[in-house]
Amino acid sequence: MMTKSSYSGYRFPPEIIQQAIWLYVRFTLSFRDVEDLLAGRGILVSYEIVRRWVNHFGPMLAVDLRRRRSKPHTIWHLDEVYLKIDGRLVYGAPWMPRAKSSTFWSKPGGTSGRRSN
């Protein structure tokens, strides 16, 4: 998270600044819409201040969020797939080989379908 010193010199606390930036980015609102939403909560800021906050703190918040985002794993697990091809229900597909057999288009009963490896 950004340090407290990065918010020093600003009239509003960091929570309000972060809330205004989050509203602008998350819901793709205009600066005036964010101004109205904050005014509804009793926080009087101009849309120009919101624009300055977004320009100044937005990139830093984006970097912080990217750091905290979970990384994708190297192992992916796929669910079973049944496809309807030419009116027939087929298990798997050519791009998904079965783990225990070398056939590609095999039916649930274990018999080979149209194609084998």
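Between F57 and Y7, the ring planes lie parallel to each other; the angle is under 30°, not in the 30° to 60° tilted range. The aromatic rings of F12 and W53 lie perpendicular to each other, with more than 60° between the two planes, well past the 30° mark.
Distance check, rounded to the nearest 0.5 Å: CG of L37 to CD1 of I43 gives 10.5 Å. Rounding to the nearest 0.5 Å gives a distance of 10.0 Å between CZ of R41 and CD1 of I16. Of the inter-residue distances, the one linking E48 atom CD with R32 atom CZ reads 9.5 Å to the nearest 0.5 angstrom.
Here R52 pairs with nothing under the salt bridge (Lys or Arg N to Asp or Glu O under 4.0 Å) rule; sequence neighbours left out. For the side-chain hydrogen bond (donor to acceptor under 3.5 Å, both in side chains) test, residues two or more places apart in sequence or in another chain that qualify with S30 are D33.
Annotation: side chain of R69 is not in contact with side chain of L65 (no heavy-atom distance under 4.5 Å).
Among I21, V34, L61, I49, the one residue that satisfies the side-chain contact (heavy atoms from CB on, under 4.5 Å) test with V54 is I21.
Follow the hydrophobic side-chain contacts under 4.5 Å out from W22 and you never reach V63; the two are in separate clusters. A continuous path of Ile, Leu, Val, Met, Phe, Trp and Tyr side chains, each step under 4.5 Å between heavy atoms, connects F27 with V50, placing both in one hydrophobic cluster.
Checked by atom type, the side-chain pair Q19/Y24 shows no donor-acceptor distance below 3.5 Å.
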